[in-house]
Amino acid sequence: MSTNTKEFDDMQCSLWSFGAGHSRGKVTTQLVDIQRTRMEQEKSREFIKHLECLYFPKRNSTILLRKKINAYRQSNYLALSYTWKPSPLETDLRAGGYFVQQMGSDLRKPSPVRDSVFTRVRKYMEYTRAKYLWIDQHCIKQEGEAKVIGMNAMDRVFSRSSHSVALLTRPINSFSELVLLTLVLDGRLVCEDSDGLWLSRNTSLEQALEALELLRDITSDMWFSRGWTFRRTTRPA
């Protein structure tokens with residue numbers, strides 16, 4: 001069916017007509033907004049070029065030292081997403097067992113981050129050989145314009161990282177759950193043909209229901225309640 005409707009192309013419009021056709025106001029206002037956005041993007045780029053990170057100086061250390069890296073060139077860091085508020089599923093809420101070097105200083109202070117968070121992350125870093133850790137509570141200044149810049153750059157922090165991790169708190173309670181989760185992640189419970197996805201020949205209906213229940217529990221973790229975290233590129237751990 002033919003139509004005379006043409007797709008709007010503002011490249012052929014004058015600045016006046018462009019401003020008149022948009023609801024955001026005068027051309028001058030739009031130009032100021034564009035300049036402000038460019039400045040914010042430039043600040044975000046500088047934040048990534050001089051990214052504050054932490055690292056453990058030795059295996060099983062409870063001390064975290066500080067180093068700036070250029071994340072455009074160095075991606076071997078773990079960017080951590082976790083809930084500052086503890087989950088009801090967590091039993092060990094102790095904090096202060098890990099000491100973190102402060103920004104712009106050699107002083108090391110006990111961290112308010114839960115010890116269990118650092119312990120799990122340290123083990124994962126040892127497994128993946130990730131060299132550095134980025135965690136917002138210690139790697140973003142928590143006040144003023146610096147905090148705003150850091151928050152605006154978080155999507156870049158996670159997208160540049162080779163190890164973007166979301167720390168979930170729903171435990172795997174048994175070996176059978178671990179096996180089931182492995183089957184799910186490997187895609188071995190289902191098969192696919194031209195008509196869609198089907199249970200694989202070796203998957204029973206009971207096993208499929210157990211898998212769905214396990215996934216429901218995992219995705220009910222408190223981390224998923226924070227919609228803005230979905231802007232990040234993460235893998236659960």
Side-chain angles (χ1 to χ4, degrees), residues 39-87 90-169 222-223 226 228-229 231-235 237:
M39 291 175 63
E40 290 173 354
Q41 290 176 346
E42 181 59 32
K43 290 177 181 178
S44 291
R45 283 193 288 268
E46 287 300 308
F47 184 87
I48 299 299
K49 284 175 66 176
H50 306 281
L51 188 66
E52 289 274 355
C53 288
L54 306 175
Y55 68 94
F56 295 96
K58 60 182 180 180
R59 192 176 181 87
N60 296 326
S61 176
T62 56
I63 294 174
L64 291 103
L65 302 181
R66 189 173 294 275
K67 183 177 177 64
K68 288 186 178 182
I69 66 170
N70 184 344
Y72 288 114
R73 298 180 179 178
Q74 165 69 279
S75 63
N76 188 24
Y77 65 93
L78 187 151
L80 179 66
S81 178
Y82 75 106
T83 56
W84 285 29
K85 182 179 178 181
S87 163
E90 293 182 74
T91 57
D92 186 357
L93 304 182
R94 289 175 297 176
Y98 285 79
F99 293 78
V100 177
Q101 181 183 352
Q102 304 302 290
M103 284 188 181
S105 169
D106 290 331
L107 183 64
R108 303 167 190 175
K109 289 185 177 180
S111 172
V113 176
R114 300 184 297 284
D115 293 349
S116 60
V117 171
F118 279 131
T119 299
R120 292 176 65 188
V121 166
R122 186 185 63 197
K123 291 179 179 179
Y124 189 81
M125 290 177 68
E126 290 172 355
Y127 175 74
T128 59
R129 297 184 180 180
K131 192 171 184 179
Y132 301 108
L133 167 66
W134 188 91
I135 177 171
D136 53 2
Q137 191 160 350
H138 287 294
C139 299
I140 293 179
K141 291 183 179 179
Q142 296 302 311
E143 58 185 16
E145 184 187 17
K147 180 176 181 178
V148 176
I149 294 171
M151 296 292 288
N152 289 339
M154 285 181 71
D155 56 339
R156 296 191 183 191
V157 172
F158 280 85
S159 64
R160 301 298 305 179
S161 169
S162 297
H163 310 280
S164 295
V165 173
L167 198 65
L168 307 184
T169 55
M222 195 165 71
W223 183 86
R226 305 183 306 159
W228 66 278
T229 60
R231 295 176 56 195
R232 306 172 180 180
T233 305
T234 53
R235 58 178 67 85

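Side chains included, hydrogens not; waters and symmetry mates left out as well; all remaining heavy atoms used.
Closest non-hydrogen pair, N76 versus H163, comes out as OD1-NE2, 3.2 Å. Across every non-hydrogen atom of A79 and S161, the tightest pair is N-OG, 3.5 Å. Looking at every heavy atom in both residues, F158 comes nearest to L80 through CZ-O, 3.5 Å. Nearest heavy-atom pair across N60 and E126 is N-OE2, 3.5 Å.
Side-chain contact check for L51 versus Y132: every heavy-atom pair is 4.5 Å or farther apart. No side-chain heavy atom of I149 sits less than 4.5 Å from a side-chain heavy atom of M151. Counting only heavy atoms from C-beta outward, the side chains of M154 and W134 approach each other to under 4.5 Å. Put simply, the side chain of Q101 does not reach to within 4.5 Å of the side chain of L54, judged on heavy atoms. Side chains of K58 and I63 form no contact here, defined as non-hydrogen atoms less than 4.5 Å apart. Here the side chains of K131 and Y55 are not in contact, with every heavy-atom distance at 4.5 Å or above. A heavy-atom distance below 4.5 Å is found between the side chains of K68 and E52. Counting heavy atoms from C-beta on, the side chains of Y82 and D136 come closer than 4.5 Å.
Residues K49 and E46 are paired through a salt bridge, judged by an N-O separation under 4.0 Å between the basic side chain and the carboxylate.
A side-chain N or O of Y98 and one of T119 form a donor-acceptor pair less than 3.5 Å apart.
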Name every donor-acceptor pair, under 3.5 Å, that has one atom in a side chain of residues 106-118 and the other anywhere in the protein, sequence neighbours excluded.
unit_1: S111; atom_1: OG; unit_2: V113; atom_2: N; d: 3.0
unit_1: S111; atom_1: OG; unit_2: H138; atom_2: NE2; d: 2.7
unit_1: R114; atom_1: NE; unit_2: E90; atom_2: OE1; d: 3.0
unit_1: R114; atom_1: NH1; unit_2: T83; atom_2: O; d: 3.3
unit_1: R114; atom_1: NH1; unit_2: W84; atom_2: O; d: 2.8
unit_1: R114; atom_1: NH2; unit_2: T83; atom_2: O; d: 3.0
unit_1: R114; atom_1: NH2; unit_2: E90; atom_2: OE2; d: 3.3
unit_1: D115; atom_1: OD1; unit_2: G96; atom_2: N; d: 3.3
unit_1: D115; atom_1: OD1; unit_2: G97; atom_2: N; d: 2.9
unit_1: D115; atom_1: OD2; unit_2: G97; atom_2: N; d: 3.4

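Of the possible polar contacts, one joining the S162 side chain to the S75 backbone as a donor-acceptor pair under 3.5 Å is found. In terms of modelled atom types and a separation under 3.5 Å, the side chain of Q74 and the main chain of Y72 share no donor-acceptor contact.
Taking CZ of R120 as the start and CE of M125 as the end, the distance is 15.0 Å to the nearest 0.5 Å. For the atom pair CZ of R66 and SG of C139, the computed distance is 5.5 Å after rounding to the nearest 0.5 Å. Separating the CD1 atom in I135 from the OG atom in S81 is a distance of 10.0 Å, to the nearest 0.5 Å.
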**OP:** Could you check F47 against N152 for side chain to side chain contact (heavy atoms under 4.5 Å, CB included), going step by step and ending with a plain yes or no?
**Re:** CA-CA 10 Å; F47 184 87; N152 289 339; over 6 Å; no
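No more than 12 heavy-atom neighbours from other residues, nucleotides or ligands sit within 6.0 angstrom of CD on E143.
With sequence neighbours left out, the side-chain hydrogen bond (donor to acceptor under 3.5 Å, both in side chains) criterion links N70 to no other residue. In this structure, R73 has no salt bridge (charged side-chain N to carboxylate O under 4.0 Å, His left out) partners at least two apart in sequence or on a different chain.
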